Peer 1: 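Got a structure for you, questions after.
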Amino acid sequence: MKNRIIFHIDLDAFYTSVEEVKNPKIKNQPVVVGQEPKEGKGRGVVSTCNYIARKYGVHSGQPISIAWRKLQGTDAVFLPVNMDLYQKVSAEIMEILSSYSDKYEQASVDEIYLDVTDKVKTVKEIKQLSSKIKNDLIQSQKLTCSIGVGPNKMIAKIAANVNKPDGLIIVKPKDVKKFLSKMSVRKILGIGPKSEEALNSIGVKTISQLASIPQSKLEEAFGKKSSAWMHLASQGIDESQVEQNYETKSVGRQYTFQKDTDKNKHILEVMNELIINSLENLNEEGYKTYQTITVKIRYSNFETHTSAKTLKEPHSDKETALKISTELLKTWLEEKKKIRLVGISFSKLR
Ligand code: TTP
Ligand code: MG
């Protein structure tokens, strides 16, 4: 098979960068986008932060109270999540980026893959195309991105993250093995903290260690199917195509209660609000129906559960969503444990 040339483009510090374009005065200060910090008593998390805030140890997913503490004594700016604005900018960006290839795949609000196998041949041409894309984003949106280039999606995505912000990393097919060898197994999409721990416990930390462990040992720990793809990934092999897959797209919302609660009536009222907001968002993104509903619940102790149902037919109404989400939540609510967060998402959108 002919070697492919895949680009992975990921915007730098996306939400905060959009905020800085809107209000350039803040761009030399630490900027955090997330739930309200409430003088360090806030209970939500950081969505993202700019690179100045990252120097203080702030990062996505961190409790906002910790971010607040780390930024004490600085001129940090904390901003709420303005999802409508980011969605609007994202749609404009995706329109520009997807124009570079018929084979594109939006992977999240700020990431896209392009298959440019037929458009560029040499490293020089790859660099020229990258500059053109970066310039386009600067001119149109004043935003920077990082680009990873490789023979498949997996390598391209890992490469995009190596030299952020405003990076460009090109991995040639012959360099794939060297590129991956010393990296942690966590760099492989699909290996999360649990798999990482399991791999560490059998002496596997790096991707090259994963590549050289006997298949039988891996199968013992993970079963045939998972060990087969892990083995391929460890060798930098990923045959998946760049294709826009609407089925995997989802919209959703979640909410952290001000105070942990076990009042089912209140929880379901919040769920109703989340459903209304999510379905509005679904329409704004140009979809009419959903077919899969996923609910998420987190107890006080951070124990988290998700539960999903795919309906026989596509639906568009909030009543069905409320009925199904109530059913899905039922077992978790019956536990009578205090709840910290609820969330819902809709997928299989059309
Ligand atoms: P990322 O691309 O992972 O992060 P980023 O763009 O902020 O920073 P960079 O790529 O330069 O490392 O995610 C894109 C956006 O998604 C991010 O701006 C905010 C949102 N997001 C969350 O809301 N929660 C999260 O835990 C993460 C990782 C991202
Ligand atoms: Mg990003």
Side-chain angles (χ1 to χ4, degrees), residues 15 32-49 53 57-72 76 78-84 86 108-109 192-198 250-282 290 292-311 315 317-347:
Y15 294 1
V32 180
V33 171
Q35 280 163 289
E36 255 187 275
K38 301 197 173 155
E39 309 273 320
K41 295 196 183 69
R43 297 166 46 84
V45 294
V46 173
S47 295
T48 193
C49 60
V58 179
H59 59 80
S60 293
Q62 184 174 56
I64 198 83
S65 54
I66 293 186
W68 174 267
R69 245 188 9 243
K70 288 189 184 275
L71 292 168
Q72 277 296 291
F78 286 80
L79 298 169
V81 180
N82 184 350
M83 205 57 216
D84 289 344
Y86 315 143
S108 78
V109 71
K194 282 203 187 124
S195 307
E196 181 189 24
E197 218 183 288
S250 67
V251 296
R253 292 278 188 272
Q254 60 182 34
Y255 180 79
T256 306
F257 292 100
Q258 292 305 326
K259 233 177 110 206
D260 296 346
T261 178
D262 56 6
K263 299 212 166 45
N264 289 355
K265 185 161 167 273
H266 180 45
I267 294 165
L268 292 174
E269 277 165 8
V270 166
M271 192 44 108
N272 193 39
E273 282 296 307
L274 296 177
I275 288 170
I276 291 171
N277 288 334
S278 305
L279 292 180
E280 267 173 23
N281 184 214
L282 184 147
Y290 60 83
T292 300
I293 296 174
T294 307
V295 296
K296 170 157 121 184
I297 200 153
R298 178 170 294 150
Y299 294 123
S300 300
N301 63 357
F302 275 82
E303 181 187 327
T304 306
H305 299 277
T306 60
S307 180
K309 178 166 180 157
T310 297
L311 303 160
H315 288 259
D317 60 307
K318 72 174 193 328
E319 290 74 19
T320 305
L322 188 62
K323 181 170 153 271
I324 302 294
S325 57
T326 310
E327 279 170 27
L328 291 171
L329 284 174
K330 198 162 170 264
T331 43
W332 309 120
L333 295 182
E334 276 167 1
E335 294 268 316
K336 281 284 156 217
K337 290 199 274 190
K338 292 227 167 174
I339 285 167
R340 177 182 172 88
L341 169 151
V342 285
I344 185 154
S345 81
F346 294 90
S347 49

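The shown structure was predicted, so the numbers you read here are calculated from the model rather than taken from an experiment.
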Peer 1: How long is the span from the CZ atom in Arg298 to the OG1 atom in Thr306, to the nearest 0.5 Å?
Peer 2: 11.0 Å
Peer 1: Identify every side-chain donor-acceptor pair in residues 320-327 under 3.5 Å, counting partners at least two apart or on other chains, and give the distances.
Peer 2:
from: Thr320; atom 1: OG1; to: Asp317; atom 2: OD1; distance (Å): 3.0
from: Thr320; atom 1: OG1; to: Asp317; atom 2: OD2; distance (Å): 2.6
from: Ser325; atom 1: OG; to: Ala321; atom 2: O; distance (Å): 2.8
from: Ser325; atom 1: OG; to: Leu322; atom 2: O; distance (Å): 3.1
from: Thr326; atom 1: OG1; to: Leu322; atom 2: O; distance (Å): 2.5

Peer 1: Name all residues meeting the salt bridge (Lys or Arg N to Asp or Glu O under 4.0 Å) criterion together with Lys194; count only those two or more places apart in sequence or in a different chain, and write none if there are none.
Peer 2: none
Peer 1: Once salt bridge (Lys or Arg N to Asp or Glu O under 4.0 Å) is applied, do any residues pair with Lys337, and if so which ones, sequence neighbours excluded?
Peer 2: Glu303, Glu335
Peer 1: Count the heavy atoms belonging to other residues, nucleotides or ligands that lie under 6.0 Å from CD of Gln72, then report whether that count exceeds 12.
Peer 2: yes
Peer 1: Among residues at least two apart in sequence or on other chains, which ones pass ring pair (Phe, Tyr, Trp, His ring centres under 6.0 Å) with Phe257?
Peer 2: Tyr255, His266
Peer 1: What residues form a side-chain hydrogen bond (donor to acceptor under 3.5 Å, both in side chains) with Lys70, not counting sequence neighbours?
Peer 2: none
Peer 1: Check whether any side-chain N or O of Gln35 sits under 3.5 Å from a backbone N or O of Val45 as a donor-acceptor pair, and report yes or no.
Peer 2: yes
Peer 1: Which side-chain hydrogen bond (donor to acceptor under 3.5 Å, both in side chains) pairs, counting each pair once, include a residue from residues 36-49, with sequence neighbours left out?
Peer 2: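 Of all non-adjacent pairs touching residues 36-49, those that pass side-chain hydrogen bond (donor to acceptor under 3.5 Å, both in side chains) are Lys38-Gln258, Arg43-Asp260, Thr48-Arg54.
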Peer 1: Who passes salt bridge (Lys or Arg N to Asp or Glu O under 4.0 Å) against Glu280, sequence neighbours left out?
Peer 2: none
Peer 1: Could I get the full list of side-chain contact (heavy atoms from CB on, under 4.5 Å) partners for Asn82, not counting sequence neighbours?
Peer 2: Glu19, Lys22, Asp84, Leu85, Tyr86
Peer 1: Residues two or more places apart in sequence or in another chain: which of them pass side-chain hydrogen bond (donor to acceptor under 3.5 Å, both in side chains) with Arg253?
Peer 2: none
Peer 1: Would you please test Met271 and Ile344 for side-chain contact (heavy atoms from CB on, under 4.5 Å) and show each step?
Peer 2: CA-CA 8 Å; Met271 192 44 108; Ile344 185 154; 3.9 Å; yes
Peer 1: Tell me every residue that passes side-chain hydrogen bond (donor to acceptor under 3.5 Å, both in side chains) with Tyr299, counting only those two or more places apart in sequence or in another chain.
Peer 2: none
Peer 1: What pairs with Thr310 under side-chain hydrogen bond (donor to acceptor under 3.5 Å, both in side chains), at least two apart in sequence or on another chain?
Peer 2: Thr292
Peer 1: For the atom pair OG (Ser300) and NZ (Lys338), what is the distance rounded to the nearest 0.5 Å?
Peer 2: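 One gets 7.5 Å once the value is rounded to the nearest 0.5 Å.
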Peer 1: Got a sec, which residues hit salt bridge (Lys or Arg N to Asp or Glu O under 4.0 Å) with Glu196, two or more places apart in sequence or on another chain?
Peer 2: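 Salt bridge (Lys or Arg N to Asp or Glu O under 4.0 Å) check on Glu196 returns Arg186.
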